[in-house]
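These notes concern the structure reproduced below.
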Number of protein chains: 2
Amino acid sequence: MARKPGSKAEITGPRIRAAALRLFARHGYAAVSMRQIATEVGVQAGALYLYTPDKQTLLFELMRGHMEDLLAALAAEVQPADPVAALEGFTRFHIRFHAARSDAVFVSYMELRNLEPANFARLEGLRRSYEDRLEAILQSGQRAGQFAVPDTKLAALALIAMLTGVNTWYREGGRLSLATVEAHYWDMVRKAMGAVG
Amino acid sequence: MARKPGSKAEITGPRIRAAALRLFARHGYAAVSMRQIATEVGVQAGALYLYTPDKQTLLFELMRGHMEDLLAALAAEVQPADPVAALEGFTRFHIRFHAARSDAVFVSYMELRNLEPANFARLEGLRRSYEDRLEAILQSGQRAGQFAVPDTKLAALALIAMLTGVNTWYREGGRLSLATVEAHYWDMVRKAMGAVG
DNA sequence: GTCTATACGAGGATAGAC
DNA sequence: GTCTATCCTCGTATAGAC
């Protein structure tokens, strides 16, 4: 509304982030040049530096944004008191959320090694928070005698790896609908945790 | 034995591949320069081109070598006729083999997008062979009524993702021994597939 | 806010000496 | 078989015009 004539700042910024995310996911952070990103957006390379101090920060902000969206979306879900129902909710949430943002997921898992140590540490903290949410569900179910899990930490990591793996092959319009995928994974998750009730 | 005096060809080649694998795993293919690899080995950059036509081929040969070692090692395992025992064998084999070669595993999964299309296709074929071996086990168990798996293809992909995920956190000398990890994962795999008998 | 022009370093790969 | 020297391209980032 208050946009000044000739100013495109409010639209160029998001377009830069979108182009960078797509290109990073496709070719990898190190293989993508600032010139490529600029071309994609339709501006000159120098203009990118009005929106990010450098390439590293651009990458980090994409990854941080993704992880914070993930945590916020998880927090917004209603979590059932029953651990089995809570685990089903987490399973379906994880598959749905990740399937809808495959580029961000890919970048956030693959480009960790290209982050400077300080940025890496911040992102690891966010990732850890997410894992802890799942582990808490497993622990409460274990205490209630509804799960049979020898090691909740290990089980949480195993489940997340399994669920995130969906992204390596799932494509909209493929052999299986997302609802079917969710159902089949929930079947495996439920059984793997020895869920009863 | 027949090594000519002054010739180090038979030792330099493997050292180049080892250094490249380590560096690619650490920093990513695109982020590693031929000069870095040469420095690691203790030769000049130009000398690398006596052992590989270019950087792309060096990457591809590392990945192909890893996948062929994997398939050969799997083929060398004795596969029990009983599907449940075969699945346990596969589970333990996968964890053990991958834990022992974390760099090669990392590179083979992360650098697929940096392969030229022809090389990518060849590697996908090898990966597919490996997945098919697991799916065959699941199918035979399903036919025998010993597994309860709604979709063997999907289950095979889910299990491989879960098992390969071990590599993201397992470190020798950590909280859990590899034998314990194997046992806990086998417990989850067995239950997830609804194994009986 | 975006452009052009450019500084400056590093990249892959090759030629020819030893 | 390895080295030195070099070609040429491309990278990130900045300065200053409009």
Side-chain angles (χ1 to χ4, degrees), chain A residues 1-24 26-63 107 111 113-116 118-119, chain B residues 1-24 26-63 107 111 113-116 118-119:
Chain A
M1 293 298 182
R3 188 150 59 96
K4 294 201 189 91
S7 162
K8 292 177 188 165
E10 288 135 26
I11 199 158
T12 305
R15 289 190 60 217
I16 289 172
R17 284 189 287 279
L21 184 63
R22 239 175 41 83
L23 289 169
F24 289 165
R26 219 65 95 243
H27 311 291
Y29 170 74
V32 173
S33 71
M34 294 298 264
R35 288 198 230 272
Q36 270 178 277
I37 298 170
T39 300
E40 193 89 352
V41 176
V43 299
Q44 295 295 320
L48 298 182
Y49 292 88
L50 295 168
Y51 301 91
T52 180
D54 52 34
K55 194 187 176 190
Q56 165 76 202
T57 305
L58 178 57
L59 172 65
F60 175 64
E61 287 302 321
L62 289 173
M63 297 170 79
V107 169
E111 305 297 354
R113 62 187 169 181
N114 285 310
L115 289 178
E116 290 164 3
N119 290 340
Chain B
M1 291 298 182
R3 189 149 60 96
K4 294 202 187 90
S7 164
K8 290 176 188 165
E10 289 134 27
I11 197 158
T12 304
R15 289 189 61 218
I16 289 171
R17 284 188 287 280
L21 184 63
R22 242 176 38 83
L23 289 169
F24 289 165
R26 220 63 97 243
H27 310 291
Y29 170 74
V32 172
S33 70
M34 294 299 266
R35 287 178 169 86
Q36 269 178 278
I37 298 170
T39 301
E40 194 89 350
V41 176
V43 300
Q44 294 294 319
L48 297 182
Y49 291 88
L50 294 169
Y51 300 92
T52 181
D54 51 35
K55 193 186 176 190
Q56 166 76 202
T57 305
L58 178 55
L59 172 65
F60 175 63
E61 287 302 321
L62 288 173
M63 296 170 80
V107 170
E111 305 297 354
R113 62 186 168 182
N114 286 310
L115 289 178
E116 289 163 4
N119 290 340

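This one's a predicted model, so the numbers in the text were calculated from it and none came from an experiment. Letters A, B, ... are given to chains in the order of the sequence lines, protein chains preceding strands, and every chain is numbered from 1. Every heavy atom of this structure was used, including side-chain atoms; hydrogens, water molecules and symmetry mates were not.
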Let me know the distance between [atom1] of [X] and [atom2] of [N], rounded to the nearest Å.
X: B/Leu48; N: D/dG1; atom1: CG; atom2: C1'; value: 13 Å
X: B/Ile37; N: C/dA13; atom1: CD1; atom2: C1'; value: 13 Å
X: A/Gln36; N: D/dT12; atom1: CD; atom2: C1'; value: 13 Å
X: A/Ile16; N: D/dT12; atom1: CD1; atom2: P; value: 14 Å
X: B/Gln44; N: D/dT4; atom1: CD; atom2: C1'; value: 8 Å
X: A/Leu23; N: D/dT12; atom1: CG; atom2: C1'; value: 16 Å
X: B/Met34; N: D/dC7; atom1: CE; atom2: P; value: 21 Å

Worksheet item: Is the distance from OP1 or OP2 of D/dG11 to the nearest side-chain N or O of A/Ser33 less than 4.0 Å?
Response: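 Yes, A/Ser33 has a side-chain N/O under 4.0 Å of OP1/OP2 on D/dG11.
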Worksheet item: D/dG1 phosphate, OP1 or OP2: any side-chain N/O from B/Thr12 under 4.0 angstrom?
Response: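 False: B/Thr12 side-chain N/O out of range (4.0 Å or more) of D/dG1 OP1/OP2.
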Work out which heavy atom in [X] is nearest to a heavy atom in [Y]; give both atom names and the distance.
X: A/Arg17; Y: A/Leu62; answer: O-CD2, 3.6 Å
X: B/Met63; Y: B/Val107; answer: CE-O, 3.8 Å
X: A/Glu40; Y: A/Ala19; answer: CG-CB, 3.7 Å

Taking only N/O atoms, report every protein-nucleotides 14-18 of chain C pair under 3.5 Å with atom names and distance.
none

To the nearest 0.5 Å, tell me how far [X] [atom1] sits from [Y] [atom2].
X: A/Phe60; Y: A/Asp54; atom1: CZ; atom2: CG; result: 12.0 Å
X: B/Leu23; Y: B/Ile37; atom1: CG; atom2: CD1; result: 6.0 Å
X: B/Leu59; Y: B/Leu21; atom1: CG; atom2: CG; result: 10.0 Å

Looking at [options], which one has an atom nearest to any side-chain atom of [X]?
X: B/Lys55; options: D/dT12, D/dT2, C/dG12; answer: C/dG12
X: A/Ala47; options: D/dT12, D/dT2, C/dT2; answer: C/dT2
X: B/Asp54; options: C/dA13, C/dG11, C/dT2; answer: C/dA13

Worksheet item: Is B/Lys55 salt-bridged to B/Glu111, going by a charged N under 4.0 Å from an acidic O?
Response: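 Answer for the salt bridge query: no.
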Discussion item. If you assign each of A/Leu50 and A/Arg35 to its closest nucleotide in DNA chain C, which residue comes earlier from the 5' end?
Written reply: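 The residue closer to the strand's 5' end, by nearest nucleotide, is A/Leu50.
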Item to complete: Could you check whether A/Val32 gets within reach of a base, just the sugar-phosphate, or nothing at all, counting any heavy atom under 4.0 Å?
Response: sugar-phosphate
